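Working notes, beginning with the structure itself.
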Amino acid sequence: MFLLLALAVISRPIAAAYYFSQFSMRQPDHDPCYDNSGRSVRCVPEFINAAFGKPVVASDTCGMRGAIKFCTTREGSDGVIREECSTCDADQSHLSHPASFLTDLNNPQNMTCWVSEPSLTYPRNVSLTLSLGKKFELTYVSMQFCNRLPDSMALYKSADHGRTWTPFQFYSTQCEQMYGKRPDVKIEKHNEQEARCTSSHTLAPAGNRVAFPFLEDRPSAISFEQSPVLQDWVTATDIRVVFSRLSPDQAELYGLTNDVDDVLEAANSTVESDGKERYFYSMGELAVGGRCKCNGHAARCIYDKNGQMTCDCKHNTMGTDCERCKPFHYDRPWARATAHSANACVACNCNLHAKRCRFDSELYKMSGDRSGGVCINCRHNTAGRNCHLCKPGFFRDPTKPLTHRKVCKECNCHPVGSIGSSCNQTSGQCLCKPGVTGIICNKCAKGFIQSRSTTTPCIRVAPLDEPVTPTARSCPKCRSSPKRLNQKKFCKRDYALQVHVVGREILDSGWARYTVIVESIMKKGIRGRRGQIDMWQEPHALSCKCPRVKVGRRYLLLGKDDPVDREHPGLLLNAKSLMLEWDEDVMDKVLRFSQRDRAGLCPTGDDLY
Ligand SMILES: *[C@@H]1O[C@H](CO)[C@@H](O)[C@H](O)[C@H]1NC(C)=O
Ligand SMILES: *[C@@H]1O[C@H](CO)[C@@H](O)[C@H](O)[C@H]1NC(C)=O
Ligand SMILES: *[C@@H]1O[C@H](CO)[C@@H](O)[C@H](O)[C@H]1NC(C)=O
Ligand SMILES: *[C@@H]1O[C@H](CO)[C@@H](O)[C@H](O)[C@H]1NC(C)=O
Ligand SMILES: [Ca+2]
C-alpha cells in the first residue's frame, strides 16, 4: 500500500496531490485495530497530505520589509510570453502572499501562492520550514511552483521537532558544484539513509511541480515493515526546503547566470534595480504524503486536550506515537505491529494483588518469549512474580480463588513448638521441633510429654520400668520427696493424708492423672476427705519423677490448699507438695507432729522446708 502510493505519485503527481489534500479525523465504523473476533491486528492511520493546514515559516516573504513590486511571465493563449507585474502588500500582519498559502486548500484554478522577497542578492538561500506537529512516516514531498522551478534546492528533515536536521533530498542541475554530491547515486543496503541529489529537469519537463519519493529505489522498501533503518529514514516531524538558485531560464532572462564560475562575478555585478522585481521564488503548494506514525497501533491521529496531535493508541500502547506500553502492560516488550503480528502490549498477571509490574528480559527469554512481567508490591500477603504464592508466614486457603483478598492465611505457628514462623504453603503445616506435633506445633507427640524447656518443649517419656536418669539441668534436686520429715514441714502444709495410689494415666497434654484412695486424714485442709480422688502431676515433674509415684504404693501426702485448677481438679502435686512412702516410722512421726500442731506448738518462720 505504502509503496504503491509512492509510485502513483511519480506517474501521476498532480492527481495524487488532490487526492490527499484533506486531513481526515473521521472515526471508522469498525475499529480496524481489532479483527471480528476481537484479536489485535496491525492498524495504520489514513494516507494523507500531512502538510495540509500545518504552519510553514518562511525565512523571507514578499512585502515583509514594505510594499514591493514583483513580476511574473505568463504564456498567453496566443503563445506569446508576457510579463505581468503586481505589488506585495506592505501590511506586516496581513501579507498578501504569506507562507500559509503553501498548505491551504489547493485550488488549481485559482492557486494561492507564497512569494519570497524579490532581491538581487545572488545566489540567495530562502528557506521554508514546515512543522507537522508530530512524527509522520513520509512517502513523498511534492511542490507546485507558481513561476518556474528553481534550479537548486535542498530538503532536510527533523525527527525531533527541529532540534536536529538531516539532509533528505537535493535537487540541482549541478549536484556536485552546489551540494558536493554525485547526481542520482545508486542506493544500496549500506547507504539506505543517504540523501540523493536528483538532476533537475529530468523530472516532469512540462510541469511546474516536483515530487520526491523517499522509498523509491531503496532496497528495503519491499520489506519496509521489517526495516528499522527505512522506518527511521522516512520518519519526520518537520520538513525544511532551502532554495539556493533560480531556474536557469529565469536567471538567463534577467541577465544572471547559474554557471558556478560566473556566480561570484555576478554577485559583484551591479545589475540595474529594474531587474530586481523579477527575481524571487514562488510556490503554490507544499504537500507531504504520509501517515501519522503510530507504529501499527492506531488507526487515526487526534488532537489531545493541549492541542497536541497524538495517535489514538490501541493494543494497550500509549505515547504520541504509541511507542510504549501502557502502565501495568509489561508482560511482553513493546514492539511495532507487523502484518504478521500486532505485538499488542499485554497486562501483567498479578491475580489482582498488585497495581504495578516491570518487565524482566531474562525471565522473558526463559519463558520462550511468552511472559516477562514481574509484579511489584504484591498485597494481601501474597508473593511471587505473579503474586501467585503466599508470603512467608502465610499459606494458601484452598477454598478461595487465587484472586481473593483473603487467599493467604496466617500460619500462626506456635512460638515455642515450631521452628520459624513459616508453614507449608498448601497444607499450612508449621515446621515443628522434635517431639512436637499439631498443625501449628502446639502439642506433644505420642510418647512425648511437655517440659519447661523452650528448646525441647516436648521430651520423650521413659518407659515405666526403665530407670530414669534425668540430667541435672532439666531436673533440679527434688524437694518434694525428702528423706526425713520434721515438725516445721508438717506445720507449714495445709493437709496431711495417707493415700493409696491405685491407677495412673498420661494425658495428651503430658500431665499424669493418678487415681488415689485417701485412707486416713492427719490434717484436713480444704480438700481432705476420705475416698477416691484424682491426683495430678505436671509433665516436667513427671519426667523428672519429682516426686516418684508408683501405682500400688501407699504414701504420706502433704500439701498446701492451692487455688482450684479447673483442668486438674483434685489434689495437685507441685513444688510445695511433700510425698513420702508410707511406713511405720513415718506413721509414728506424723502422729506426733499432728498432736503438736493441734496443740498449737508449731514453730514460726516463713521457710516451707
Ligand atoms: C481567486 O481567489 C481570490 C482570493 O482567494 C478571489 O478573490 C478570486 O475571486 C478568485 N478567483 C477565481 C477566478 O476564482
Ligand atoms: C545555502 O544553502 C546551502 C544548502 O542548504 C548551504 O550549503 C549554504 O551554506 C547556504 N548558503 C548561505 C549563504 O546560507
Ligand atoms: C567583488 O567586489 C569586491 C569589492 O567591491 C572586490 O574586492 C572583489 O575582488 C570582487 N570579486 C570579484 C570576483 O570580482
Ligand atoms: C506441603 O504439603 C503438601 C501436602 O500436604 C505436600 O505434598 C508437600 O510436599 C509439602 N511441601 C513441602 C515443601 O513440604
Ligand atoms: Ca496554495
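No experiment lies behind these values; they were computed from the predicted model shown. Just follow the structure's listing: the first ligand is 1, and inside any ligand the first atom is 1.
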*Out of Cys350, Cys375, Cys348, Ser371, which residue meets the side chain to side chain contact (heavy atoms under 4.5 Å, CB included) rule with Arg385?*
Ser371

_Test of ring centre spacing under 6.0 Å for Tyr140 and Phe212_ = no

Measure from the Ca ion (ligand 5) to each N, O or S atom of [X] and report whether any distance is below 3.0 Å.
{"X": "Thr112", "answer": "yes"}
{"X": "Gly284", "answer": "yes"}
{"X": "Leu105", "answer": "no"}

_Asp104, N/O/S atom nearest the Ca ion (ligand 5)_ = OD1

*Geometric cation-pi criterion, Lys293 with Phe136: 6.0 Å, 45°*: no

Could you check [atom] against the protein and tell me its nearest heavy-atom contact, residue, atom and distance included?
{"atom": "atom 5 (O) of ligand 4", "value": "Ser427 CB, 3.8 Å"}
{"atom": "atom 10 (C) of ligand 4", "value": "Asn424 ND2, 2.3 Å"}
{"atom": "atom 4 (C) of ligand 4", "value": "Thr426 OG1, 4.1 Å"}

*asked:* Looking only at side-chain N and O atoms, does Thr237 offer a donor or acceptor that is under 3.5 Å from a partner on Asp160?
replied: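 No pair is found: no donor N or O on one side chain lies under 3.5 Å from an acceptor on the other.
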
*On the 0 to 90° scale, with breaks at 30° and 60°, tag the Phe243-Trp114 ring pair as parallel, tilted or perpendicular.*
parallel

*Test item: protein heavy atom less than 4.0 Å from atom 7 (O) of ligand 4*: no

*Please report the C-alpha distance between Arg396 and Val407 in whole Å, then the side-chain angles of each, then the deciding distance to 0.1 Å, and finally whether the side chain to side chain contact (heavy atoms under 4.5 Å, CB included) criterion is met.*
CA-CA 6 Å; Arg396 174 77 201 273; Val407 68; 3.0 Å; yes

